[in-house]
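In what follows, a structure is listed as structure tokens, so that the remarks can point back to it.
Quantities reported herein were computed from a predicted structural model and do not represent experimental measurements.
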Amino acid sequence: MTNVFSTRDIGNYKVTALSDGVMKASLSLLSGIEPEAAVNIQQHAGIKAADDIQINSYLIRGAGRIILIDSGMGNLNHIGGELRRNLLLSGIMPDEVDTVLLTHAHPDHIGGLLGENGRPAYRNAALYISKAEANFWLDNEKLTSLSERALMNGSLFRRTFEAYSTVRFTEETAIAEDITAVSLPGHTPGHSGYLIDSRDEKLLIWGDITHYPHIQIAHPEVSIAFDYDPDQAEQTRRAILERASRENLLIAGMHLGVSGFAYIRSPSEGHYFLEYVRTASRCPP
């Protein structure tokens with residue numbers, strides 16, 4: 001566990017990357033790259049546990065708002081569960097969160113939304129999700145055609161969806177004047193990012209565009225077993241990498257690593273690499 005917070009000021013907002021912990025995974029989940037090549041990329045990037053996937057959420061404070069993007073795994077299956085502690089260390093009580101924005105409804109993004117009693121962990125928060133994402137996880141017939149795991153994920157989403165008294169769809173409801181949802185489909189049907197555009201400063205929190213960022217940014221064709229539509233996920237990834245590089249856009253991602261923020265650099269057309277930026281402290285930001 002870590003008390004290190006990485007924070008960036010974006011216009012009227014202070015954005016903090018908060019860790020929920022690490023998810024034990026495997027590079028064997030990747031398609032489109034040889035295992036040895038994947039390991040070499042991780043090692044070259046200085047990543048000691050090459051298979052692990054970092055789980056981040058993002059806290060946004062400013063303009064009278066306290067917003068959380070995603071909720072981590074929340075200790076489901078004994079994975080994660082550090083977000084609540086890190087939220088408190090950052091000076092925020094769960095009841096102070098007025099909005100929770102969801103990138104999508106996989107367990108490592110919604111697992112922390114319910115307490116042990118099945119009640120909302122953020123009881124004063126309005127929940128935002130894309131309608132396309134909600135409809136997908138509410139469709140039992142569609143989920144049955146996929147896998148038992150998809151049905152379990154759908155069951156978790158329905159319990160969460162029903163527990164929150166205020167649920168809003170990003171296609172229909174504005175979040176804030178300078179915070180908007182960005183459709184990034186492929187990883188899931190309604191996968192979304194969130195763009196903060198405030199006082200000429202921008203940050204795109206891109207959700208799960210990558211799970212192993214050093215690998216998938218260098219090789220956008222590499223997909224992961226969690227992708228609903230790998231081809232669409234690749235197209236979305238290539239498009240957002242090109243945009244981030246061209247616009248010098250600061251990005252953040254739920255599996256970007258503990259630093260939480262980065263730029264995408266492109267030494268030549270279609271080739272990209274990650275450049276981390278970090279402002280950190282061992283006390284609440």
Side-chain angles (χ1 to χ4, degrees), residues 1-20 54-72 82-103 109 112 122 124-126 128 170 174-182 184 192-210 213 217 240-241 243-266 272-285:
M1 293 190 295
T2 178
N3 294 356
V4 174
F5 300 86
S6 186
T7 299
R8 301 285 295 183
D9 290 321
I10 307 295
N12 294 322
Y13 299 95
K14 184 181 292 291
V15 184
T16 304
L18 297 179
S19 173
D20 188 54
Q54 173 72 31
I55 306 171
N56 288 337
S57 295
Y58 288 84
L59 174 66
I60 303 172
R61 289 170 283 184
R65 303 288 296 275
I66 299 178
I67 299 171
L68 189 65
I69 302 188
D70 286 351
S71 70
E82 296 181 21
L83 175 61
R84 184 181 179 89
R85 168 183 173 273
N86 285 328
L87 187 67
L88 294 172
L89 286 171
S90 72
I92 299 297
M93 299 292 292
D95 286 354
E96 294 181 89
V97 176
D98 60 68
T99 302
V100 178
L101 307 177
L102 295 178
T103 61
H109 300 261
Y122 304 97
N124 295 322
Y128 283 72
T170 56
I175 300 165
E177 183 179 355
D178 40 14
I179 302 176
T180 54
V182 180
L184 299 171
S192 302
Y194 293 93
L195 178 68
I196 303 174
D197 185 350
S198 178
R199 290 166 45 193
D200 296 323
E201 296 183 303
K202 294 182 181 181
L203 167 67
L204 175 65
I205 301 172
W206 72 10
D208 280 12
I209 289 294
T210 64
I217 288 171
I240 207 63
L241 288 173
R243 177 185 174 185
S245 172
R246 172 171 40 84
E247 296 183 9
N248 195 33
L249 185 62
L250 182 66
I251 58 98
M254 281 49 198
H255 306 301
L256 199 60
V258 293
S259 65
F261 301 92
Y263 289 99
I264 303 300
R265 303 306 187 198
S266 180
Y272 306 99
F273 69 90
L274 197 63
E275 181 180 287
Y276 282 121
V277 295
R278 184 170 181 173
T279 56
S281 64
R282 290 190 178 271
C283 58

Of all heavy-atom pairs between S245 and S266, which one has the smallest distance, and what is that distance? OG-CB, 3.1 Å
Does any non-hydrogen side-chain atom of L204 lie less than 4.5 Å from one of I240? yes
Between Y122 and L87, does the side-chain contact (heavy atoms from CB on, under 4.5 Å) criterion hold? Intermediate values first, please. CA-CA 12 Å; Y122 304 97; L87 187 67; 3.8 Å; yes
Of W206, Y194, F261, which is the lone residue that meets ring pair (Phe, Tyr, Trp, His ring centres under 6.0 Å) with Y58? F261
D70 side-chain N/O to G207 backbone N/O, donor-acceptor pair under 3.5 Å: no
Any sub-3.5 Å donor-acceptor pair from D20's side-chain atoms to N56's backbone N or O? no
Heavy-atom check, side chain of R265 versus side chain of N248, under 4.5 Å: yes
I'd like to know if the side chain of D98 reaches the main chain of I66, judged simply by a donor and an acceptor atom lying under 3.5 Å from each other, with no hydrogens or angles considered. yes
Kindly determine whether T210 and H255 satisfy side-chain contact (heavy atoms from CB on, under 4.5 Å), including the steps that lead there. CA-CA 7 Å; T210 64; H255 306 301; 5.6 Å; no
Please check this pair: side chain of N86 against backbone of S19, looking for a donor-acceptor N/O pair closer than 3.5 Å. yes
Do L68 and L83 come close enough that some side-chain heavy atom pair is under 4.5 Å? yes
The residue among K14, E201, R199 that forms side-chain contact (heavy atoms from CB on, under 4.5 Å) with D9 is K14
Quick check against the 3.5 Å criterion: does S71 have a side-chain atom that pairs as donor or acceptor with the backbone of H109? yes
I179 side chain reached by Y13 side chain, heavy atoms, under 4.5 Å: yes
Backbone N or O of A17 within a donor-acceptor pair of the S6 side chain at under 3.5 Å? no
Decide yes or no for V15 and L59: does some side-chain heavy atom of the first lie under 4.5 Å from some side-chain heavy atom of the second? no
Do you know which of T99, L102, I60 makes side-chain contact (heavy atoms from CB on, under 4.5 Å) with I69? I60
Test of understanding: with salt bridge (charged side-chain N to carboxylate O under 4.0 Å, His left out), list the residues that count as partners of E247, not counting sequence neighbours. R243
Please check: side-chain N/O of E275 versus main-chain N/O of Y263, any donor-acceptor pairing under 3.5 Å? no
Quick one: does L256's side chain get under 4.5 Å of L274's, heavy atoms only? yes
Any donor-acceptor pair under 3.5 Å from N124 side chain to D95 backbone: yes
Considering only heavy atoms from C-beta outward, does the side chain of T16 approach that of R61 to under 4.5 Å? yes
To the nearest 0.5 Å, atom OH of Y128 lies from atom CG of L101 at 7.5 Å
Dump the intermediate steps for side-chain contact (heavy atoms from CB on, under 4.5 Å) on I251 and I209, then the final yes or no. CA-CA 11 Å; I251 58 98; I209 289 294; over 6 Å; no
Side chains of L250 and R8: closer than 4.5 Å at any heavy-atom pair? yes
To the nearest 0.5 angstrom, please state how far the CD1 atom of I10 sits from the CD1 atom of I205. 8.5 Å
What is the minimum heavy-atom distance between R84 and P94, and which atoms define it? NH1-CG, 3.3 Å
